[in-house]
Amino acid sequence: MSSQQTTTARPQVYCFGCQHVWYQDEHGIRCPACESDFVQIIETGNDPREDPPIIDDDMDFETWQNQMHDDHTHEPPSDAGHGLHFAPLGSNPLAARGPGQPDQAATLGSLFGLLQSFQSLTAPAASTTRSYDFNLGTSGRLSFRTTTSYRDGSANDPQSPDLPVQDINSFLHDMFAPGGPGIPPQFAQANGQRAGTTRNAQMAFMDALLHGPLGLHRAGYATSNEDLERIVAELFEQQAGQSGAPAASEDAIASLPTKPVDQNMLGDSEKAECTICMGEVALGEVVTELYCHHWFHTDCIKPWLEQHNTCPHCRMSIEDSKAAFDKKNANTGQNNSSTNAASGSGTNAPSSQASSMPRPPGAWPTMFHSQQPSGTATTRPQQPLLNSPLHQALRDNRSQSNTPNDRGQRRVGGQRRDSSSPLDGPRSTRWSQSYDEISSSDSRSRRRSTRDLQRSANQEGQNPPIHNLQDRLEQIRRAGGREADTQDNVNRRTRDQSYSTRDYERRRSASELNEPHNDGEQENPGLLQRARDWFSGHGQGQGHGHGH
Amino acid sequence: MALPKRIIKETERLMAEPVPGISAVPHDDNLRYFDVTIDGPTQSPYEGGTFKLELFLPDDYPMTPPKVRFLTKIYHPNIDRLGRICLDVLKGNWSPALQIRTILLSIQALLGAPNPDDPLANDVAQQWKEDQNTAIATAKEWTEKYAKA
């Protein structure tokens with residue numbers, strides 16, 4: 001039942017709060033009696049006094065949607081929560097303004113109608129006129145009529161008439177995309193306007209939003225600019241949720257290697273968690289490892305990759321990291337075939353370059369240790385180290401340890417180690433980690449420019465990078481086992497809070513050590529840098545939980 | 001729908017190891033909805049203010065970012081008058097490895113480092129660029145007026 005033509009010459013306004021009625025031209029749309037803005041313009045056929053609102057806060061989304069789809073000609077979305085991500089808005093407290101804003105329901109209702117209309121409008125049907133009569137629960141009914149015209153598939157319309165678009169995101173995208181088709185023609189026609197240019201179309205859209213057949217104003221709901229702004233913002237937020245990196249291909253996801261969690265991935269703390277679900281992983285549990293060496297539960301990473309093709313940690317695209325991995329594999333394969341062969345399958349055989357990429361938290365047992373700069377494991381140090389007194393000490397240390405050697409751990413060692421190295425043989429976990437730190441520190445020192453070192457010094461606060469390997473070893477030795485005792489606690493305490501630092505550090509490392517990939521820097525939004533600046537300026541106490 | 005373990009864990013850790021200057025307390029009746037306060041960073045125009053925000057974890061969190069909004073009025077080039085925040089990690093740069101904690105730290109950092117070149121509130125950003133002193137004075141004024149209840 002359309003009521004657009006039946007508005008009286010002097011519209012009256014009805015207040016839901018106190019049932020007061022007045023002329024709009026006298027007192028506007030705010031109740032002169034109770035100051036409420038929960039009001040409706042009285043229209044013939046849509047008189048709130050005849051049809052008192054039923055307060056039905058429990059009306060659920062599906063009921064609502066089913067009602068609305070009753071007279072739709074196209075099939076309703078099969079998944080209420082999918083095609084139209086709107087249900088959360090109603091239940092989303094972010095959208096709610098609390099009891100102080102009773103017109104929220106009306107706004108939401110109108111918006112919901114709008115969305116539904118968009119859906120139908122973007123799903124072309126041959127010259128149909130549809131009547132909508134929505135029961136909006138707390139705010140009566142919203143009635144309007146739309147006419148959609150079937151049009152020939154025009155070249156600039158990406159949406160085939162055969163494929164109804166049931167997604168507001170697509171609608172918005174098509175409409176506001178630069179150079180896009182603008183308002184779907186049928187929508188503009190519904191308003192008696194031609195979508196000449198995109199800009200005009202957008203204006204037409206806004207106009208229609210306000211005054212069109214779906215019009216919030218004409219429907220009689222008091223809708224402030226702020227409400228409208230919020231509505232549009234919500235629409236765009238829905239779209240924004242879809243932005244970011246593109247989805248990974250099914251093949252790429254399916255071809256990702258899986259591997260059982262080994263000692264090396266768990267690290268000193270003997271436990272690690274999947275950063276997506278925050279669930280602990282156990283030794284031997286099979287996880288998916290991306291080519292950047294970050295690993296996750298297979299069931300956790302898959303839904304992410306289906307939306308975005310980047311590693312949640314380092315943001316490197318899985319295609320890029322795979323390409324780098326393959327390339328490196330091809331390069332090193334000739335020189336180092338024995339190493340690769342020793343490490344078994346290709347999935348478990350990161351090249352030296354690949355292994356210099358960031359690794360997940362579990363594999364970084366001492367990364368944020370107060371005494372030790374985070375190190376990316378790279379190539380093994382050369383002979384001088386192996387013969388150093390400290391090396392001897394480390395070997396002694398190893399022999400004292402009763403930790404049985406873990407083959408998984410040797411995997412990492414094996415592929416980096418010179419096969420003639422005297423280090424072949426069982427190693428304790430502790431020893432292995434020290435070694436990794438040593439080697440990484442060493443190799444990074446050699447790789448870095450002075451500027452980088454300065455930067456690093458800033459980042460590491462009172463722990464400037466150690467240029468001299470011997471000093472570094474000395475430092476580690478001095479720190480001794482005491483660190484290992486508190487390792488777990490330190491790790492756990494700093495893991496979350498220092499994310500941005502850690503993340504930045506890692507991405508920097510990734511881009512620094514992997515010339516072909518600049519994703520880290522490229523995507524670095526600058527915020528992290530700003531955050532760093534800020535923290536280094538003011539936030540010494542911020543990064544480390546003092547607890548309460 | 002059952003609350004995912006991740007949300008429970010995050011909440012537990014937020015409670016057990018709160019970030020100094022930040023609080024996030026879930027509602028009893030909706031554990032996805034948090035009342036948040038963030039203290040204005042020192043040496044920023046927001047110093048001394050306590051800013052209220054609301055944070056909501058959507059159904060598909062952590063695959064999509066939390067929705068966060070300032071409830072306290074704030075004069076900041078990246079926060080509009082509805083309290084919406086222009087922050088990359090709340091949008092395209094979201095990653096499921098991020099958490100409530102890290103997001104709130106990022107927001108606090110944003111207060112300490114406004115970025116008028118990537119504005120959300122155009123008028124504020126313009127003011128910020130044209131006359132930073134006045135803008136900062138206004139920000140202080142607003143902090144005094146709205147963030148010190």
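Lettering follows sequence order; numbering is per chain, from 1.
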- Does NZ in B/K140 sit with more than 12 non-hydrogen atoms of other residues, nucleotides or ligands closer than 6.0 Å? no
- Message: If you count every heavy atom of other residues, nucleotides or ligands that lies below 6.0 Å from B/D117 atom CG, does the total exceed 12?
- Response: yes
- Name the region of A/C300, side chain, backbone, both or neither, that has any atom closer than 4.5 Å to a heavy atom of chain B. backbone
- Message: Distance check, rounded to the nearest 0.5 Å: B/N93 atom CG versus A/H308 atom NE2?
- Response: 10.5 Å
- Message: Looking at A/I276, is its backbone amide N or carbonyl O close enough to the side chain of B/R6 to form a donor-acceptor pair, meaning the two atoms are under 3.5 Å apart?
- Response: yes
- Query: A/R315 versus B/S95: any side-chain heavy-atom pair under 4.5 Å?
  - Reply: yes
- Closest non-hydrogen atom pair between A/G279 and B/K9, with its separation: CA-NZ, 4.3 Å
- Message: Looking at chain A, which one of B/K5, B/E10, B/H27 has the largest number of heavy-atom pairs inside 4.5 Å, strictly under?
- Response: B/E10
- For A/W304 and B/W94, work out which heavy atoms get closest and say how close. CH2-O, 3.2 Å
- Message: Using a strict threshold of under 4.0 Å (side-chain N to carboxylate O), is an ion pair present between B/R13 and A/E273?
- Response: yes
- Query: Does the side chain of B/Q99 come within less than 4.5 Å of A/T275's, by heavy atoms?
  - Reply: no
- Heavy-atom side-chain contact between A/M278 and B/I8 under 4.5 Å: no
- Message: Other residues, nucleotides and ligands only: do more than 12 of their heavy atoms fall within 6.0 Å of NZ on B/K148?
- Response: yes
- Item | Nearest non-hydrogen partners of B/A97 and A/P312, listed with the distance | CB-O, 3.6 Å
